[in-house]
Structure formats: structure tokens, C-alpha cells
Amino acid sequence: MYRVGKEEIEAFARAIMSRDFFKINGSGQEVLHFDDEWRQTVGARYSLTMTSGFAALTSALIGMGVGPGDEVIVPAYTYIASALAVTATGAIPVIAEVDETLTLDPKDVEKKLSPYTKVVMPVHIQGFPSDLDALKKLSAKHGFRILEDACQADGGSYHGKYLGTVGDAGAYSFNYFKIITSGEGGALVTDDRQIYERALIYHDAAAVAFFGNQLDGITEPLFGGSEFRVSDLTGAMLREQLKRLPALTSDLRKNRDALAELVCGRGKAVQAPSHDIKGDCGTTLSLRFETAKECRGYQKKCADGGVGSTVPIDTGKHIYTNWTQIMEKRGAMHPAMDPFKMEANKGLNMDYSPDMCPTTLDLLSRTLYIAVNPDWTQNDLLQIASVMNG
Ligand SMILES: Cc1ncc(COP(=O)(O)O)c(C=O)c1O
């Protein structure tokens, strides 16, 4: 969470005082307005607001027809929810290396493609854009679909297009830790009518078939699904947060660039490469070192001077080695529903081991993140830089 204030309080009050804040009711229709505003902002045909990024990822996969018998390639460095969204559909997550930018490495994706690969899921971790051009080329050649996990990348872009809209579908999170937030929340975007219709049915299986005219024009047959609907309280807050997004990303990027200018290339700090630094969300200045030891030394210097930093190898469930449920192959609450035990998944690539992605582990051990504050002043920047350059 970066910025929140009286505008959100007033929006909440507006929704509460309407006494009519169920999504489909007539008065506020805050969620439906947000769907439309988010869709127009990022440039997609359809947007569905949901309870979480996980809900959006799962609904997108279901929209793409993913299920038992399918493999979905995910990066070795992403929050565990990306991989759990795959097992939630009955499919198998195949884990691939990240490249120097810490996003999915298309070269390793190519090595891990199989006749079962249905979807590849680049994750724009920390708002770093993935190598979408290379992945799109692979997808055109091999016929898989691309689901962008943009859960950490609200408002980021890749060569002028919003992250989440370059592949076949994109998922965003609006949980408390994200760039814009409603405490919890998420959204799916796509231009594909079939993905949209199936995701619409899946994400709100009971109410979509009962309230209002939500199924008008839908040709996909109804099927059983989940309930990931949000209320107009969420919609009202997100509409205010969205108004803040342009200034927020601009301030984050400005401060990231200003700090990079002050510290990179001095001593051992080098800025990590990016597939599009202009489109990168700016939440993080990512520094790369030759060795893990140098990285830890730099981190200590920062800590001694009161500057917080994170070595991503320390970020727990963001690293495949700590995905207990996946590594130990317990993919569901009941053995009969566990993708790792399903007959349809026999022979699929689920050979997980802690040392299967050594490049990822190496890069994560010698990268240092400085979290950027959009409200840093010039004085703050100079003070932080003097610690880092000390
Ligand atoms: C990369 C990534 N994917 C998916 C998710 C899931 O989002 P949510 O917590 O909204 O379900 C997160 C959330 O932290 C995330 O960081």
C-alpha cells in the first residue's frame, strides 16, 4: 500500500450509505464501473474484478480450458500462489529458470516445453517486465497460450502496452501489499471472448446464474465453479485507488531513477538489467553483485546506515525451494482431487528437486532490492545515497 486517504473513506461512505452495495444492485454499481475503468486504463476488451490475484489467475486458467493432463510453465521465482493457481485447476506446474532480470527465461521455457504445455505464465515480479516478445515468438511457434501474472505489476508496461495485456490474459492483485489496493482484491483482463465467458462463469458460479442479466449474450454452457465475487465496497475503494495510479507510478519511477543515478556504477553496485526499465513499475531498485558475499557486505553497510534492503533469496515462499505443497506434491485437499496423483497427469513433468533451477538461486543470492518510496524528497534521496556510497 502506498497512498490512501479521505477520498477512499468518502468512497466507502458513499457505498455504505447507498445501503445497496451488492455488486449487481442498481444504485452504485461500483464494481461494474471499476471493471470498465480498469479495462479502459490497461486497454483490454474485458475485465473482471475478483476477490484476489489467485482468483484471477485460476479463473484465467479455467478460461483457457486448462485442467488435468496439462502442464503450465511457471518461473522458479514467483509467489507460491502462481503455482497453486495451476494445481487448483488440476494441471501440473512445470518450474523454469529466471533470466538476469529475475523474470521467466524464454530459453529455459523452450527447453521445458512438451506436448502437454498448454500455458506459459510469465510473472512480472516486483513490477519487472518479463521478456514478452521472446515468449510471444515461442507461443506463435509452439501454440501455447500466455497468462501474465501481473499481480505485483499494477500499472506497469512493456514497450508501451500495459503489463497484463500483452499475452492472452492477465491477472492483477489488489491485496494490501500491492501498488493499488482494496485490502484484498484482484482482476482478470483479456481480449478473448471465450476466456472471458468461462472466467465469468467460473469466478461467480452461483450468483452469475441467479442475479440480474449477467448471462445475456453468454454462449458458453454453465459449469460448476467458485464464488470470487466482490462487493461494491471493494469496487468503490478501487475506483479511488485507480485515480492515484498514474501519479504513483510516475513518482515511483522518478525516485527509482534518481536513486539509481546516485548509486549505480559506484563501488560494486550495478543496476540489474531490465526488459523495459521505462515500463518497470519503479517499486524496486534492483542491484546486482558479482558474488553473494559482496551482496551481503553491501546489505550490511545499508543496514548499519539505517537503509532497509532485501536479498530476494530471503523471501521465503517466493522461491520454488520453499513451495512445500508443490515440492512435496500435495496439490489438493483430497487425494482423489490431487493433480499429482491423477491418472490424467501420469508422465507429466513433476520432477521437482531443490537444485533444479541453480541459475535462479544464484541470481537471487547476489541481488539486492531497495524498496522505493514515491514520496522521497531530494534530501531523503541524498541521505540514502550517502549511506549506500559510504
Ligand atoms: C506474483 C504473485 N502472484 C499471485 C499473487 C496472488 O495474489 P493474491 O494475494 O491477491 O491472491 C501474488 C500475491 O502476493 C503475487 O505476488
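Just so we're clear, the structure is a prediction, and the values are computed from it rather than from any experiment. Just so you know, ligand 1 is whichever comes first in the structure, and atom 1 is the first atom listed for that ligand.
The stretch residues 163-177 participates, sequence neighbours left out, in no side chain to side chain donor-acceptor pair (under 3.5 Å) pair at all.
Ring to ring, Y352 and Y320 are not that close: their centroids are 6.0 angstrom or more apart. Between F34 and F174, the distance separating the two ring centers is shorter than 6.0 angstrom.
Remark: R39 pairs with D36 by the side chain to side chain donor-acceptor pair (under 3.5 Å) rule, at least two apart or across chains.
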Let me check something: any side-chain donor-acceptor pairs from residues 83-94 under 3.5 Å, sequence neighbours excluded? List them with distances.
residue, atom, partner, partner atom, Å
T87, OG1, L84, O, 3.1
T89, OG1, V86, O, 2.7
T89, OG1, A91, N, 3.3

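Protein residues having at least one heavy atom under 4.0 Å from any atom of ligand 1 are S52, G53, F54, L57, T78, Y79, A81, S82, V123, D149, C151, Q152, S173, N175, K178, G185, listed by chain and number.
A salt bridge between D70 and K118 is present, with a side-chain N of the basic residue lying under 4.0 Å from a carboxylate O of the acidic one.
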